[in-house]
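The structure presented is a predicted model; accordingly, all values stated were derived computationally and were not measured.
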Amino acid sequence: EEALEAMASRLADDDVLPCVRRTVAANVLAALDAALLDCMLRHGLVCSFDAALECKNALALAERCAHRLACDFGFVAAGGDGGVGGAGEGGISVTNELKLPLTRQACDVIMMEKFMLVGSAAQEWRKQICPSLTSKRIHRLVSHFTPNASAPEAVEPEVLKHLLLEASHEDGALYALEDVMESAQRLGTPMASVEDLQPSLSYLSHPPPSSSLPISLRTHP
């Protein structure tokens with residue numbers, strides 16, 4: 001929470017345009033989400049029922065903090081009601097932008113009954129519980145699952161075998177962070193929206209710093 005608050009404060013203090021703030025905030029949350037998922041995939045972290053439940057509670061706190069800072073991140077325009085999950089009239093929705101879906105869905109996979117991931121109804125269950133996770137990632141998560149008192153049953157070998165077969169026929173990377181970083185680099189400068197016009201005019205009305213002027217025009221060269 002402190003890191004998100006510091007980022008929001010820095011963006012506001014530097015008069016960053018709302019369209020850029022939104023992109024920065026969304027990319028930071030996406031990178032955090034991908035990094036957390038990769039830790040689970042690489043090291044088997046948070047792969048017991050109790051640990052996944054605790055992680056989901058922490059994710060909820062982080063998402064709540066991000067939504068509370070939505071105005072500072074440029075997601076709620078003047079005149080919006082600022083409510084979590086929407087921006088109100090004239091605002092820009094934050095419903096899908098300031099969340100951590102990959103890690104949340106990974107925790108759900110750890111907590112669910114694993115037999116639901118295979119069989120005739122598996123695709124329907126996956127659409128509801130982990131639509132953003134590939135078979136490769138699901139297989140790795142399930143392979144790391146650690147039984148405990150809350151969920152004492154180990155994953156059945158047939159489930160692991162079926163998921164491995166699915167994963168072997170699937171393209172795409174196992175880890176998520178590299179793809180997120182490449183996507184952010186390709187994005188470039190974001191498009192401004194109508195809601196950005198008024199603050200943009202305000203920023204442009206500020207006198208430029210003397211260092212940006214030719215020497216001959218500076219008051220104190």
**Complete:** Separation between CE (Met116) and CD (Glu124), nearest 0.5 Å, reads 11.0 Å
**Request:** Ignoring hydrogens and angles, tell me if any N or O in the side chain of Gln105 forms a donor-acceptor pair with the backbone of Ser132 under 3.5 Å.
**Result:** yes
**Request:** Kindly indicate whether the side chain of Val20, heavy atoms from C-beta on, has any atom under 4.5 Å from the side chain of Leu11.
**Result:** no
**Whichever hydrophobic residues join Leu61 through chains of side-chain contacts under 4.5 Å** = none
**Message:** Taking side-chain hydrogen bond (donor to acceptor under 3.5 Å, both in side chains) as the definition, give me every residue that meets it alongside Arg126, ordered by chain and number, with sequence neighbours left out.
**Reply:** Ser135, Glu166
**NE2/His169: more than 12 non-hydrogen atoms of other groups inside 6.0 Å** = no
**Complete:** Nearest heavy-atom approach of Leu117 to Met112 is CD2-SD, 3.7 Å
**Asked** Between Leu160 and Val155, what is the shortest heavy-atom contact and its length?
**Response** CG-CG1, 3.8 Å
**Asked** If you take all heavy atoms of Cys47 and Ile110, which pair is closest and at what distance?
**Response** C-CG2, 3.7 Å
**Message:** Ignoring hydrogens, what is the shortest heavy-atom contact between Ala31 and Met181? Give both atom names and the distance.
**Reply:** CB-SD, 4.2 Å
**Atom pair CG (Leu41) and CD1 (Ile138), whose distance is rounded to the nearest 0.5 Å** = 10.5 Å
**Fill in**
Sorted by chain and number, sequence neighbours left out, salt bridge (Lys or Arg N to Asp or Glu O under 4.0 Å) with Glu178 holds for none
**Under 3.5 Å donor-acceptor, His144 side chain and His43 backbone** = no
**Prompt:** Which is it for Leu69 and Leu98 under the side chain to side chain contact (heavy atoms under 4.5 Å, CB included) test, yes or no, and what are the steps along the way?
**Reply:** CA-CA 10 Å; Leu69 297 168; Leu98 299 179; over 6 Å; no
**Request:** Decide if atom CD of Glu156 counts as having more than 12 heavy atoms of other residues, nucleotides or ligands within a radius under 6.0 Å.
**Result:** no
**Prompt:** With ILVMFWY side chains joined below 4.5 Å, transitively, what does Val180's cluster contain besides itself?
**Reply:** none
**Asked** What is the minimum heavy-atom distance between Ala34 and Leu102, and which atoms define it?
**Response** CA-CD1, 4.4 Å
**Prompt:** Taking the side chain as C-beta and beyond, is there a heavy-atom pair between Lys99 and Arg104 under 4.5 Å?
**Reply:** no
**Message:** Taking side-chain hydrogen bond (donor to acceptor under 3.5 Å, both in side chains) as the cut-off, I'd like each qualifying pair that reaches into residues 46-58, sequence neighbours left out, listed once.
**Reply:** Asp50-Asn148, Asp50-Ser150, Lys56-Asp108
**Chi angles and distances behind the side chain to side chain contact (heavy atoms under 4.5 Å, CB included) call for His67, Phe75** = CA-CA 9 Å; His67 282 220; Phe75 282 96; over 6 Å; no
**Message:** Counting only heavy atoms from other residues, nucleotides and ligands, does the tally under 6.0 Å from CD of Glu113 exceed 12?
**Reply:** no
**Asked** Quick check: does any side chain N or O of Ser9 sit under 3.5 Å from a backbone N or O of Glu5, one acting as donor and the other as acceptor?
**Response** no
**Fill in**
For Val46 and Ala51, the nearest pair of non-hydrogen atoms, with its separation, is CG1-O, 3.2 Å
**Message:** With salt bridge (charged side-chain N to carboxylate O under 4.0 Å, His left out) as the rule and sequence neighbours excluded, what pairs involving residues 134-153 come up?
**Reply:** none
**Request:** Would you please test Arg21 and Val24 for side chain to side chain contact (heavy atoms under 4.5 Å, CB included) and show each step?
**Result:** CA-CA 5 Å; Arg21 292 190 217 174; Val24 170; 5.8 Å; no
